[in-house]
Amino acid sequence: QVQLVESEGGLVQPGGSLRLSCAGSGSTLDDYSIGWFRQAPGKEREGVSCISSPGVSTYYVDSVKGRFTISRDNAKNTVYLQMNSLKPEDTAVYYCATFRGRPYSSNWRHEYEYDYWGQGTQVTVSS
C-alpha cells in the first residue's frame, strides 16, 4: 500500500511561487502516475495536473497552464508541483494521489480513477 505525504503549503503573496512535493512511502512511485487535485472553500475538488509514471506525459487544467509545472524524481520517490504567478483563486487545499491505470487527457481529472490520497496541504494566496 502506498502512503503519500504532501509538503507543507503556506501563505504566498499574489504573483509569488511555491513548490509542493508529494513523497511516497510503503511502495515505489515509479509505477504510478500521480495527480494533483485541489479543493477551495465551498467548491468541489478539481484536478490540477497529472504526470504519467515514466514522466513522459503531463496534463494541466486550463486555469494553471503556463503557471504550474508537474515533475517527478523517481530516485527520491517524489512528485513536485511548481506553482508560479500564483493568484488568489489558487487558494485551496492541495492533494496528491496515485492514478489507477494509464492517464489520458480524457480521464486524468476523474477522482474515481485515483486510489491513494495524501492528507492535503493548505495553500493560501493573499496579500
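Owing to the predicted nature of the structure, the values given are computational and were not obtained by experimental measurement.
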Qualifying disulfide (SG to SG under 2.5 Å) pairs, either residue in residues 72-127, two or more places apart: C22-C96

Donor-acceptor pair, side chain of E6 and main chain of Q119, under 3.5 angstrom: yes

Non-neighbouring partners of R100 that pass salt bridge (charged side-chain N to carboxylate O under 4.0 Å, His left out), sequence neighbours left out: D115

Exercise: identify the closest heavy-atom pair between S127 and P14: N-CD, 3.6 Å

Counterpart residues, ring-ring contact (aromatic ring centres under 6.0 Å, His included), relative to F99 (two or more places apart): Y114

Verdict with supporting geometry, D31 and S53, side-chain hydrogen bond (donor to acceptor under 3.5 Å, both in side chains): CA-CA 5 Å; D31 295 332; S53 60; over 6 Å; no

By side-chain contact (heavy atoms from CB on, under 4.5 Å) - contacts of V2 (at least two apart): L4, S27, L29, Y32, T98, Y116

N/O donor-acceptor pair under 3.5 Å between S33 side chain and R102 backbone: no

Pairs flagged by salt bridge (charged side-chain N to carboxylate O under 4.0 Å, His left out) wherever residues 55-68 is involved - sequence neighbours left out: D62-K65, R67-D90

Residue pairs passing the salt bridge (charged side-chain N to carboxylate O under 4.0 Å, His left out) test where at least one lies in residues 7-24, sequence neighbours excluded: none

Partner residues of R45 under the salt bridge (charged side-chain N to carboxylate O under 4.0 Å, His left out) criterion, sequence neighbours left out: E111

Heavy-atom pair of closest approach, residues S21 and W36: O-CH2, 3.7 Å

Distance (rounded to the nearest 0.5 Å) between S49 OG and M83 CE: 11.0 Å

Chi angles and distances behind the side-chain contact (heavy atoms from CB on, under 4.5 Å) call for T121, S7: CA-CA 7 Å; T121 187; S7 59; 5.6 Å; no

Qualifying residues under side-chain contact (heavy atoms from CB on, under 4.5 Å), relative to T69, sequence neighbours excluded: Y60, Q82

Non-neighbouring partners of T91 that pass side-chain contact (heavy atoms from CB on, under 4.5 Å), sequence neighbours left out: Q122, T124, V125

With sequence neighbours excluded, residues passing salt bridge (charged side-chain N to carboxylate O under 4.0 Å, His left out) with E46: R38, R109

Residues forming a salt bridge (charged side-chain N to carboxylate O under 4.0 Å, His left out) with K43, sequence neighbours excluded: none

Nearest atoms (heavy-atom pairs only) where I34 meets I70: O-CD1, 3.9 Å

Rounded distance [0.5 Å steps], OG in S63 versus CD in E89: 8.5 Å

Pairs meeting criterion ring-ring contact (aromatic ring centres under 6.0 Å, His included) with involvement of residues 62-97, two or more places apart: none

Main-chain N/O of G24 paired to N77 side chain as donor or acceptor, under 3.5 Å: yes

Sidechain-backbone polar pair: R72 side chain, S52 backbone, donor-acceptor under 3.5 Å: yes

